[in-house]
Amino acid sequence: MKLSFSVEDEQFRAEVASWLRENLCGDFEPIRGRGGPGDEHMYVAERKAWERKLSEGGWTCIGWPVAYGGRGASLEQQVIFNEEYARAGGPGRMGHIGEGLIGPTLIAFGSEAQKQRYLPGIVRGEELWCQGYSEPNAGSDLANVKTRARFDDESGQWKITGQKVWTSLAHESEYCFVIARTDPDSVGQKGLGFFLVAMDQPGIDVRPIAQLTGTSEFNEVFFDEAVCAPDDIVGAPGEGWKVAMGLLGFERGVSTLGQQMLFQNEFDEIIRVAKENGAARDPAIRQRIADAHVGLRIMRFNSMRMLSGGSSDGGLQKEAMIYKLYWATWHRNLGKLAMDVLGAESEILNGRPYELNRLQSLFLFTRSDTIYGGTNQIQRNIIAERALGMPREPRG
Ligand SMILES: Cc1cc2nc3c(=O)[nH]c(=O)nc-3n(C[C@H](O)[C@H](O)[C@H](O)COP(=O)(O)OP(=O)(O)OC[C@H]3O[C@@H](n4cnc5c(N)ncnc54)[C@H](O)[C@@H]3O)c2cc1C
């Protein structure tokens, strides 16, 4: 297993750290450590400005090929960037869906015209994207999507009708990538299309969903004959499933690796509170803090193992499969530990809308960790079927 980085990589680390030191200050000081899951509603304008600042420094989309505005950074360098970003208190990225999901998908599956049209706005940090996959009856069973896309001969455009749900940051996004059924008689994975849809149009209605935290980071999105240009379907009509699954491969890849530093920051905060309020003297709490530390180390080593490409099929594959299940369960438990460290104080909230402290917010949002990006049960199915070669579960 690879346990350290090369000299060149460490030089790259120093370059990233120094740029962040010099730029994440002044007007950007208040956004340090803000944003991200559970805190997306904070400092939205400032964090959008920060995206543009990152772009000016050449620090958006660093893993993309140079030809499309990236740096062609290696996997190691991308991990280093994410680590240093979190260490410096970099704010939650507003552009992560564009940079981490649709950008790589367009590079892999899009036409040259789509790449030229959509990638520059993501690199510049000016055009934000949201993910239109889940529907009221299509979450884990994503192939059950009912949203329809009909090609309208009269206007020469696609017309999309249906409902998406849990669409994170739809209210802040310029575009949405939408899975919709191009063949109305099809079922399951066949007959789907993958569309690039502008959000600012009369056929789209975005309604916020109130969360446990009292804020709204995701939405219901209703499409009523929303228009989409004929060139804005990725791949052929009917072949959207392949593109949609390709995108999920990016979701489970490198984009999740830098989060360990954010976890470390939260963990450090829990230890600080435990020392301050005396919880650290409780042997049961001390044991759980030690367990959480061990879990963080295991995540770190698993990431290093992924980087070493040690699996028999030569890449991220099997180690990456356990990653989501592991971090989601660990992080949810960290939220519970935070509450127990706070003790009775954890149950006290100030009025409505709630004023949550950082650890209360951590606890509430971590309840969703084992759901989004594929639930724990689905992750176990993936591990069983694809990593362990066990029989596939019966599909309806
Ligand atoms: C914070 C957050 C942000 C999100 N952001 C987005 C977004 O931006 N865009 C988007 O499209 N979606 C988003 N989602 C939706 C997310 O992808 C779905 O919630 C998730 O896929 C689960 O689907 P579901 O909610 O419909 O639950 P269901 O699929 O109905 O699952 C309900 C329960 O049944 C279990 N289950 C289902 N099928 C199986 C099975 N085959 N075997 C064993 N157990 C099973 C599940 O594990 C779960 O416990 C977000 C969700 C959250 C919580």
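Sequence positions, counted from 1, serve as the residue numbers for this chain. A quick note: this is a predicted structure, and the numbers were derived from the prediction, not measured. Just so you know, these numbers use all the heavy atoms, side chains as well, and skip hydrogens, waters and symmetry mates. Each ligand, and each atom within it, is numbered from 1 in the order the structure gives.
Relative to the six-membered ring of Y372, K324 meets both conditions, a distance below 6.0 Å and an angle of at most 45° to the axis. R71 forms a cation-pi arrangement with W59, by the criterion of a distance under 6.0 Å to the ring centre and an angle within 45° of the ring axis.
Between Y85 and F81, the distance separating the two ring centers is shorter than 6.0 angstrom.
Remark: side-chain polar atoms of S368 are not paired, donor with acceptor, to backbone N or O of I371 under 3.5 angstrom.
Protein residues lining ligand 1, listed by chain and number: Q131, Y133, S134, G139, S140, W166, T167, S168, F218, F365, S368, I371, Y372, T375, Q377, I378, N381, E393 [non-hydrogen atoms, distance under 4.0 Å].
Among the candidates Q157, K159, Q201, the single residue satisfying the side-chain contact (heavy atoms from CB on, under 4.5 Å) test with E225 is K159.
Here the closest non-hydrogen pair linking I62 and E99 is N-OE2, 4.2 Å.
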